[in-house]
J.: 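Next up is a structure, given as structure tokens.
Per chain, numbering begins at 1; letters A, B, ... match sequence-line order. What you are looking at is a predicted structure, and each value in this text was computed from that prediction instead of being measured.
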Amino acid sequence: MREPPGPCGCQKCARVGNNAAVPPRVRFAPSPTGYLHVGGARTALFNWLFARRHGGTFVLRIEDTDVQRSSADMVTGILDGLRWLGLDWDEGPEVGGAHGPYFQSERLDRYRAAAARLVAGGHAYDCYCSPERLRDEREKAEARGEAWQYDRACLSLPPERRSELERAGAPRAIRFKVPETHAAFDDVVHGPIAFDPRAIEDFVILRSDHHPTYHLSVVVDDVEMRITHVIRGDDHISNTPKHLLLFEALGAVPPTFAHVPLILGGDKKRLSKRHGATSVTEYRRQGYLPAAMVNFLALLGWSPGDDRELMSVEELVASFSLEGISGGNAVFNVEKLDWMNGQYIARLPARELAGAVAPLLRDAGFAVPADAAWWYRLLDLLRPRARRLTDFVELARPFLVDTVEYEPAAVEQHLRAPDVAAHLEALAAALGTADPFDEPHVEAAVRGTAAERGIKAGVLIHATRVALTGRTTSPGLFEIIVILGRDRSVARIERLVNFLAMRNARGIS
RNA sequence: GUCCCCAUCGUCCAGAGGCCUAGGACGCGGCCCUUUCAAGGCCGAAACCCGGGUUCGAAUCCCGGUGGGGACGCCA
């Protein structure tokens, strides 16, 4: 029996009720208690790709029910991170939408109403147990090497005891009464997962300060925001049975779940600060291109099913499917990210590259060259040598300063040949008459000079590189002579000749 | 400790019973190109965790072990 295709012609769009296929609604729900972590960014990316692939809606919801630890700055940072990656949201902060508000701190009345409904329906009950008592019980159990579950002390409180507590002003939380039904679901990436409900304690859904816990708010919002697919981190698998139970108690059809594996550091431990950068802001600062970051993150735990590696956002959207997500955790491999970033730098249009490098140049105290054509040509010479945007500052330095510094290693390695100064003077003269001043003629001048003076071209080339850049490495010599131009090239060669003369005079050779 | 998830080169993935002499990419080694450094091209080393089943046939299915990870809060 074939099911009707979804709105985008595929079989994967959500089916709500009997058989009406609707475009999927997915959400990314970060907690603003920290910056946007690369793991969170990848979860957001998978949600976004899924929504775009199926013509669905990507909702951004801020889970700021932890008043103490949440901050507005973190919200800004997360939004900036998502925008930098190009993950635009259809509903959420700043854009609004029909299912708002999108900050949980503005939806507290809904959670309280839902909790009251659950109590009224016999799915939840008031709990007056003090946090101290619960903590003690847990510690005692732990000392015995056992796990402790809430003992349902408040499940059936005698009315007189209850009014006594109320009169005494005892803080009251609300706990969900976990039923004995089996909690099982079919995870899109993991397959069937079943839990024994006896392993789930009666968890708190509304704190004594009348704020919801995560379990309540996430389910209430997913219901009210009509979320069809929950794509989130693996670490939520063990929470899912609680959520399933809540969906049921609330009389709602649960969404489809897809739990994506975690991102680990080189030691296979959960990625954290000691592994290096973990926030997307940090990668941005380090000179990674958003397109490279997206490509890399997409391939971390997901594959299009073939051997493609370099994929544009359009290709990712066209190929994305939840079934392509692998079940195992993935190690964040910076070397591969570096390679990929280099690939994107190599392919970036000159204008865009120049735009991306400009702020870095200014930060380093350089003015962006006024001659755009010249600057683009220079960038083209440098780009195959760059892996990060930040590399361009050092690569470009010799071409932006008035006077180059001679690196000791360059002086030692390439200026030892006999009569280098004389050879360089001859080259300066030859360059003075090269016409036109282009690569073939410059090359002819260099090779011709070497031949006339009976030395190997390499000797002259290396010495000249030191004169022009002060370094042992650079783009091809003929290319850099041309880009520096006749006057600057000749001047730099003559300056090195003088430098060598002074050094000889001081007998330092 | 209990529950859950996972298991292919060092790393990220391909593989959905015969197409596997296990494929691609990063990284690594070599060669080519070459004025250096890159980039690029070519070549190479490198893996199915172990043990039982099922099957004519298993990297692929089942069970057990081992290993790794995650969750066990009035955090999210």
J.: Taking only side-chain nitrogens and oxygens of A:Arg308, does any of them come within less than 4.0 Å of OP1 or OP2 of B:rA14?
T.: no
J.: Give one of base, sugar-phosphate or nothing for A:Asp66, where a contact means two heavy atoms less than 4.0 Å apart.
T.: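 Touches sugar-phosphate only.
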J.: Give one of base, sugar-phosphate or nothing for A:Pro261, where a contact means two heavy atoms less than 4.0 Å apart.
T.: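 If one applies the 4.0 Å heavy-atom cut-off, A:Pro261 turns out to touch nothing in the nucleic acid.
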J.: Check every strand shown and say whether A:Glu335 touches a base, only sugar-phosphate, or nothing at a heavy-atom separation below 4.0 Å.
T.: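 Sugar-phosphate contact only - A:Glu335 comes under 4.0 Å of backbone atoms but never of a base.
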J.: Closest-nucleotide mapping onto RNA chain B: is A:Trp339 or A:Asp267 further toward the 5' terminus? I mean the 5' end.
T.: A:Trp339
J.: Reckon A:Lys269 has a side-chain N or O less than 4.0 Å from the OP1 or OP2 of B:rG69?
T.: yes
J.: Can you tell me how far C1' in B:rA71 sits from the matching atom in B:rU11, rounded to whole Å?
T.: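 Straight-line distance between the two C1' atoms is 26 Å.
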J.: Which whole number of Å gives the distance between the C1' atom of B:rC61 and that of B:rA16?
T.: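 Nearest-Å result for B:rC61 against B:rA16 at atom C1': 11 Å.
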J.: CG of A:Asp391 versus C1' of B:rC37: gap in Å, rounded?
T.: 13 Å
J.: Can you tell me the Watson-Crick or wobble partner of B:rU34, both distances under 3.5 angstrom?
T.: none
J.: Would you say a side-chain N or O of A:Gln343 is under 4.0 Å from OP1 or OP2 of B:rG40?
T.: yes
J.: Classify A:Gln149 by what it touches in the nucleic acid, base, sugar-phosphate, or nothing, heavy-atom distance under 4.0 Å.
T.: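 Nothing, no nucleic acid heavy atom in range.
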J.: Considering every strand and a 4.0 Å limit on heavy-atom distances, what is the contact class for A:Phe478: base, sugar-phosphate, or nothing?
T.: base
J.: Watson-Crick or G-U wobble partner for B:rG51, using a 3.5 Å limit on both distances?
T.: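 Per the H-bond distance test, B:rC63.
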J.: Verify the contact: side-chain N or O of A:Arg270 to OP1 or OP2 of B:rG69, cut-off strictly under 4.0 Å; return yes or no.
T.: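 No, outside the criterion.
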J.: What's the gap between B:rC74 and B:rG69 when it is taken at their C1' atoms, as a whole Å value?
T.: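 It comes out at 28 Å once rounded to the nearest Å.
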J.: Do A:Ser474 side-chain and B:rC37 base share a donor-acceptor contact under 3.5 Å?
T.: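 No, the side chain and the base share no sub-3.5 Å donor-acceptor pair.
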J.: Where each residue is assigned the nucleotide of RNA chain B containing its nearest heavy atom, which of A:Leu337 and A:Pro212 is assigned the position nearer the 5′ end?
T.: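 Comparing both residues, the 5'-ward one is A:Leu337.
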J.: Any side-chain N or O of A:Ser326 under 4.0 Å from OP1/OP2 of B:rC12?
T.: no
J.: Verify the contact: side-chain N or O of A:Arg387 to OP1 or OP2 of B:rC37, cut-off strictly under 4.0 Å; return yes or no.
T.: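 No, because none of the side-chain N or O atoms of A:Arg387 sits under 4.0 Å from OP1 or OP2 of B:rC37.
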J.: Which value, in whole Å, describes the distance between the C1' atoms of nucleotides B:rC13 and B:rG27?
T.: 15 Å
J.: Counting only side-chain N and O atoms of A:Arg175, is one of them less than 4.0 Å from OP1 or OP2 of B:rC74?
T.: yes
J.: Does a side-chain N or O from A:Lys268 land closer than 4.0 Å to OP1 or OP2 of B:rU11, or not?
T.: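 Answer is yes, contact under 4.0 Å.
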